[in-house]
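The chains referred to below are lettered A, B, ... by the order of the sequence lines, with proteins before strands, and numbering in each begins at 1.
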2 protein chains.
Amino acid sequence: MNEVDDEARFLAAYDLGAYPRPSVAVDIALLTVADGALHAALVQRAGHPQRGRWALPGGFVRPGESPEDAVGRVLRVKTGLTDVYTAQLATFGDPDRDPRGWVVAIAYYALVPVDRLRAGLTTADDIVLARVLVPDGTPLAASAVAVAESGEIPLAFDHAAILGRAALRVRGRLWYAPIAFELMPDEFTLRDLQLTYEALLGRETDKNSFRRRILASGLVAPVGRRRAGMRARPAELYRFDRRPADA
Amino acid sequence: MNEVDDEARFLAAYDLGAYPRPSVAVDIALLTVADGALHAALVQRAGHPQRGRWALPGGFVRPGESPEDAVGRVLRVKTGLTDVYTAQLATFGDPDRDPRGWVVAIAYYALVPVDRLRAGLTTADDIVLARVLVPDGTPLAASAVAVAESGEIPLAFDHAAILGRAALRVRGRLWYAPIAFELMPDEFTLRDLQLTYEALLGRETDKNSFRRRILASGLVAPVGRRRAGMRARPAELYRFDRRPADA
DNA sequence: AAAATAGTGTCTATGAGACACTATAGT
DNA sequence: ACTATAGTGTCTCATAGACACTATTTT
């Protein structure tokens with residue numbers, strides 16, 4: 001009997017189910033920049049547990065589905081969005097993190113321009129855009145605070161920690177990966193882009209320095225038009241140039 | 001009836017088990033630097049599936065256990081090591097990644113000085129230290145290649161991809177987090193440290209530049225002794241200074 | 001003395017912050 | 001003409017690579 005048949009027979013008889021298994025969910029820090037500040041989409045929990053509290057959009061991963069698939073499904077169902085930039089953040093598996101029982105959450109962050117996000121949110125009213133305050137002087141494992149007009153919003157489960165980690169991750173990757181462009185409309189001015197960077201970084205940056213870096217990166221290409229109608233000199237419009245900067 | 005009682009009653013009756021759940025495992029890229037090169041600990045699979053192939057040490061997460069707990073347990077059982085630096089890498093949840101069925105793997109990387117690792121491996125002989133080749137010019141999702149004296153070692157499941165990601169993660173964090181010290185003995189020379197950096201980076205660095213950076217970082221403190229017995233001028237010994245560089 | 005390794009001096013290139021300056025639109 | 005915003009010139013400072021040099025030990 002050869003090894004391949006042997007393995008095939010083994011697999012047919014194999015039963016993973018002998019051991020207890022956790023539920024696996026995805027939770028998504030769906031981020032955008034609005035009014036010059038970082039915001040996250042939050043859904044109000046309709047049922048128990050933690051009814052009435054606000055949570056990151058999420059859901060259980062279904063059989064035959066990859067976690068990335070689940071993220072796409074959750075975003076589509078809860079916000080109507082497709083083709084959103086998403087990246088894995090971290091996995092939270094503390095056995096006590098969810099009062100319903102053993103739930104391992106794979107956390108993702110997603111970035112989408114405000115306008116697209118707002119368009120999706122008009123349909124559902126159990127979902128809001130809340131401003132995210134990242135406590136500064138943040139080392140690691142810093143919890144974010146979500147704020148709406150009504151004041152601070154209490155988050156469910158460990159979602160404040162996830163949100164904080166997501167904000168810090170985005171901040172840390174900002175200069176190394178072209179993720180800020182995921183938050184921009186198709187055409188934007190360098191000033192717009194700088195405001196997005198500043199919102200994500202939580203601090204101001206020098207104008208000239210910023211322009212040099214962006215233009216030198218080659219990630220941006222002028223469209224050849226300018227944005228008029230403002231009350232001063234019109235700014236050149238740019239678009240994100242996805243080309244991998246070929247040699 | 002108040003909200004708290006309501007929620008308590010709900011939780012008592014709640015059954016997560018209505019939905020199918022995956023098994024959740026941890027896989028550990030246990031890394032060290034030996035002979036001036038990155039190495040990983042690999043265990044030979046005793047049973048099916050993929051019997052005879054080499055895999056990262058790993059195991060299923062048990063009920064009541066956090067993934068970090070599971071990592072600690074696996075390291076203790078398979079290598080005898082405790083107090084090892086570990087950090088989460090990423091979670092791999094593709095439904096087809098394991099032929100046994102639906103297994104979500106939370107991948108970690110762990111760093112340990114060679115001497116400690118070798119001491120642990122002497123007890124078990126189904127575990128080896130294999131050199132890790134990270135294909136250069138690596139963008140992302142680069143698979144590593146494990147090499148032993150006998151030549152290239154075929155890895156089980158998606159472990160080559162995990163190992164590649166781990167190597168790149170360590171490389172990327174090297175200058176931003178004091179992780180290289182996790183690979184050093186208690187006392188070391190700056191030359192030793194530089195060789196470790198070079199092994200992880202996969203390239204040489206300038207001696208003077210390296211010394212300036214390390215000494216300026218304040219992460220290192222001279223012990224006040226030197227290492228003699230070499231065939232030239234003895235080098236000053238340093239130790240890792242974990243103090244958070246107080247103001 | 002020669003070899004080998006530890007450790008330093010110093011030049012240059014690069015890149016980012018600071019900030020004053022010029023340019024061009026609307027009113 | 002005035003104001004507001006876009007865009008540039010240029011100085012300084014910090015950091016890292018290059019590389020030659022000095023220092024100290026073993027043989």
Note to self: Is it the case that C:dA6 (base atoms only) and B:R233 (side chain only) share a donor and an acceptor within less than 3.5 Å, ignoring hydrogens and angles?
What the structure shows: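 Answer yes: a donor N or O sits under 3.5 Å from an acceptor.
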Check: Does B:R212 make a side-chain donor-acceptor contact with the base of D:dG17, cut-off 3.5 Å?
Finding: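 Check passes, donor-acceptor contact within cut-off.
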Check: Do B:Q44 side-chain atoms and B:I127 backbone N/O form a donor-acceptor pair below 3.5 Å?
Finding: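 Pair absent, no side-chain N/O of B:Q44 close to backbone of B:I127.
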What's the closest nucleotide to the [X] side chain, out of [options]?
| X | options | value |
| --- | --- | --- |
| A:P234 | C:dA6, C:dA25, D:dA6 | C:dA25 |
| B:R231 | D:dG7, C:dG26, C:dT5 | C:dT5 |
| B:D206 | C:dA25, D:dT24, D:dC19 | D:dC19 |
| B:A235 | D:dG17, C:dG7, D:dA4 | C:dG7 |
| B:R211 | D:dT8, C:dG7, D:dA16 | C:dG7 |

Next item on the list: Have a look at B:I28 and tell me which of B:I162, B:L56, B:L75 forms a side chain to side chain contact (heavy atoms under 4.5 Å, CB included) with it.
Entry: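 The option that passes is B:L75.
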In whole Å, what is the span from the [atom1] atom of [X] to the [atom2] atom of [N]?
| X | N | atom1 | atom2 | result |
| --- | --- | --- | --- | --- |
| B:I214 | C:dG7 | CD1 | P | 14 Å |
| A:F188 | D:dA6 | CZ | P | 14 Å |
| A:Q194 | D:dA6 | CD | C1' | 11 Å |
| B:E204 | D:dC19 | CD | C1' | 14 Å |
| B:R226 | C:dT5 | CZ | P | 17 Å |
| B:E236 | C:dG7 | CD | C1' | 11 Å |
| A:Y176 | C:dA16 | OH | C1' | 13 Å |
| B:L237 | C:dA6 | CG | C1' | 12 Å |

Note to self: Which residues pass the salt bridge (charged side-chain N to carboxylate O under 4.0 Å, His left out) test with B:E187, not counting sequence neighbours?
What the structure shows: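 By the salt bridge (charged side-chain N to carboxylate O under 4.0 Å, His left out) rule, B:E187 matches B:R225.
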Next item on the list: Would you please indicate yes or no on a ring centroid separation below 6.0 angstrom for B:Y197 and B:F210?
Entry: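 Yes, the ring of B:F210 comes within the 6.0 Å limit of the ring of B:Y197, centre to centre.
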Margin query: To the closest 0.5 Å, what do you measure between CZ (A:R116) and OG1 (A:T32)?
Written below: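 Here the rounded value is 10.0 Å.
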Next item on the list: Kindly say if B:S209 contacts the phosphate of D:dA16, meaning a side-chain N or O under 4.0 Å from OP1 or OP2.
Entry: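 Looking at the OP1 and OP2 atoms of D:dA16, neither is under 4.0 Å from any side-chain N or O of B:S209.
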Check: More 5' along DNA chain C: A:A228 or A:K207, using each one's nearest nucleotide?
Finding: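 On the 5' side of the pair lies A:K207.
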Notebook entry, point to check: With nearest nucleotides of DNA chain C determined for A:A232 and A:R213 from heavy-atom distances, which residue corresponds to the more 5′ nucleotide?
Noted result: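 Result of the comparison: A:R213.
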Notebook entry, point to check: Mapping A:L215 and A:M230 to their closest nucleotides on DNA chain D, which lands nearer the 5' end?
Noted result: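 Going by which nucleotide is closer to the 5' end, it is A:M230.
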